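Below is one structure, written out as structure tokens; comments come after it.
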Amino acid sequence: MYSLQDLGWGPFFQNQISGPPTSLFPARVAGQSHGIYRLLSARGDLSASITGKLAHGAVHSADLPVVGDWVLARLADPAQAVIENVLERRTKLSRIAPGERTEEQVLAANVDVVFLVTSLTREFNPRRIERYLIQIWESGARPVIVLNKTDLVQSPDDFARRAEEISLADVLLTSAATGSGIERLRARLGAGETAVFVGSSGVGKSSIINRLLGDAVQTVRAVRAGDDRGRHATASREMLLLPAGGVIIDTPGLRELQLLADPSALGQTFPDVDRFAAGCTFRDCKHVSEPGCAVKAAVEDGSLDGARLRAYHKLQRELDYAERRTDRSAQLAEKRKWKQIQKEYRRRCREQGR
Ligand SMILES: Nc1nc2c(ncn2[C@@H]2O[C@H](COP(=O)(O)OP(=O)(O)OP(=O)(O)O)[C@@H](O)[C@H]2O)c(=O)[nH]1
Ligand SMILES: [Mg+2]
Ligand SMILES: [Zn+2]
């Protein structure tokens, strides 16, 4: 049994179900595999499927429940539930799904903090960090950059400084091997908050989570396939509860992160470029070859790293392209769908209230 608060419930979700009690109860999606969902709820740990209506009504795969989602379910038998609908998401970490179609894939829903983990080896790459940060700022959750494996390098502080230079996000140094920095990381997660761990395979996401879980460590190791680098140790996205409070989601390392964000989101990832841009002659300056460009001037006099501006341009082009390809009508369909769900829910409440 869990209290809804322990699972991250709050007014945002409560307000979506106000009305007389129904046979439906709220539950949080903790995992998913081949159409079978694992739910955590006040009624305990349940296995669940989704109604045919939900499955067929989904216009996009992003409409289906994902790890971290709050859903309304009913009990089919004591340990088996059926998910009737997905509550509106407070935040969501997305990307463009790998493959041909330009479709949103939601990696985790309703998260407060995203721990972007990288390791202090050859893996450390400021350009990759920028890429992830764009997507994290877009999610609505707050990013924390975690530089792991500090035990393997001479001067971890140099890496921390480089990470701090390129972002507004918090930067933490950790070693899952020695336990250093793990307490500070734990303190970044408030009571009732949810965190997701993202980053390349092998950087130590699951190892850090094992440290956080403490005594519960066995259960995590048991579901891990192996430890070797290059292979994905974590097979699927999975939600876990910390003994001291807080919810965490482990994810397998991503091979690609195709961005899906509003182009204006660039400013949060490149505050330095933005700051210089205030001095450009033209307000819509793209900092390419316009006269009176303060950003180009900053690169020339060495106050802005040229690699940083090149990354900015590259990501800008990518976001513009993704925006052109994403179907505007899909967003409208999404709005209509939510309206329909809420109407349906109110109707049921009225019926049951009678
Ligand atoms: N030296 C050192 N090794 C570490 C540290 N953290 C993790 N490792 C090792 O790095 C390897 C990968 O760790 P995992 O925790 O499985 O990495 P992951 O990010 O969860 O990888 P995926 O699940 O594949 O995405 C393992 O062999 C860990 O023992 C660390 O702080 N220092
Ligand atoms: Mg893992
Ligand atoms: Zn300019």
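Throughout, numbering of the chain's residues begins at 1 and tracks the sequence. Atoms within a ligand are numbered from 1 in the order they appear, just like the ligands themselves. Please read these numbers as outputs of a predicted model, since none were measured by experiment.
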Establish, from distance only, whether the side-chain atoms of Ser155 and Asp158 form a donor-acceptor pair under 3.5 Å.
-> yes
Describe, in one word, how the ring planes of Phe159 and Phe124 are oriented to each other, choosing from parallel (under 30°), tilted (30 to 60°) and perpendicular (over 60°).
-> perpendicular
Is the closest N or O pair between Gly199 and ligand 1 shorter than 3.5 Å?
-> no
Side chains of Gln258 and Arg95, donor plus acceptor under 3.5 Å = no
In ligand 1, which numbered atoms sit nearer than 4.0 Å to a non-hydrogen atom of Asn148?
-> 5 (C), 6 (N), 31 (O)
Could you tell me which atoms of ligand 1, counted from 1 in the order shown, lie closer than 4.0 angstrom to a heavy atom of Ser175?
-> 31 (O)
Tell me, please, if Ser206 has any N/O/S atom, main chain or side chain, under 2.8 Å from the Mg ion (ligand 2)?
-> yes
Should Ser206 be counted as touching ligand 1, given the test is an N or O pair under 3.5 Å?
-> yes
Output the list of atoms in ligand 1 that are nearer than 4.0 Å to some heavy atom of Leu152, sorted by atom number.
-> 1 (N)
Any ion pair linking Glu123 and Arg128 (charged N to carboxylate O, less than 4.0 Å)?
-> yes
Going by atom types alone, do Glu130 and Thr269 pair a side-chain donor with an acceptor below 3.5 Å?
-> no
Please indicate whether any nitrogen or oxygen in Pro252 is less than 3.5 Å from any nitrogen or oxygen in ligand 1.
-> no
In ligand 1, which numbered atoms sit nearer than 4.0 Å to a non-hydrogen atom of Lys205?
-> 15 (O), 17 (O), 18 (P), 19 (O), 20 (O), 21 (O), 22 (P), 25 (O)
No-hydrogen, no-angle side-chain donor-acceptor test under 3.5 Å, Ser206 and Asp250 | yes
Would you mind listing which atoms of ligand 1 come within a distance below 4.0 Å of any non-hydrogen atom of Asp151?
-> 1 (N), 2 (C), 30 (C), 31 (O), 32 (N)
Check the side chains of Thr51 and Glu84 for a donor-acceptor pair under 3.5 angstrom, ignoring hydrogens and angles.
-> no
Would you mind listing which atoms of ligand 1 come within a distance below 4.0 Å of any non-hydrogen atom of Gly253?
-> 25 (O)
Nearest non-hydrogen atom to atom 29 (O) of ligand 1 belongs to which of Ala177, Gly181, Ser119, Ser207?
-> Ser207
Looking only at distances, please establish whether an N/O atom of ligand 1 is found under 3.5 Å from an N/O atom of Ser201.
-> yes
So the angle subtended at the Zn ion (ligand 3) by Cys285 atom SG and His287 atom ND1, rounded to 10 degrees, is 100°
If you measure from the Lys or Arg side-chain nitrogens to the Asp or Glu carboxylate oxygens, is any gap between Glu318 and Arg131 under 4.0 Å?
-> yes
Going by distance alone, is a donor N or O of one side chain under 3.5 Å from an acceptor N or O of the other, for Ser119 and Asn148?
-> no
Lys NZ or Arg CZ of Arg43 over Phe25 ring: under 6.0 Å, within 45° = yes
Just to the nearest 10 degrees, tell me the angle at the Zn ion (ligand 3) spanned by Cys280 SG and Cys293 SG.
-> 110°
Heteroatom proximity flag, Asp250 to ligand 1, N/O under 3.5 Å | no
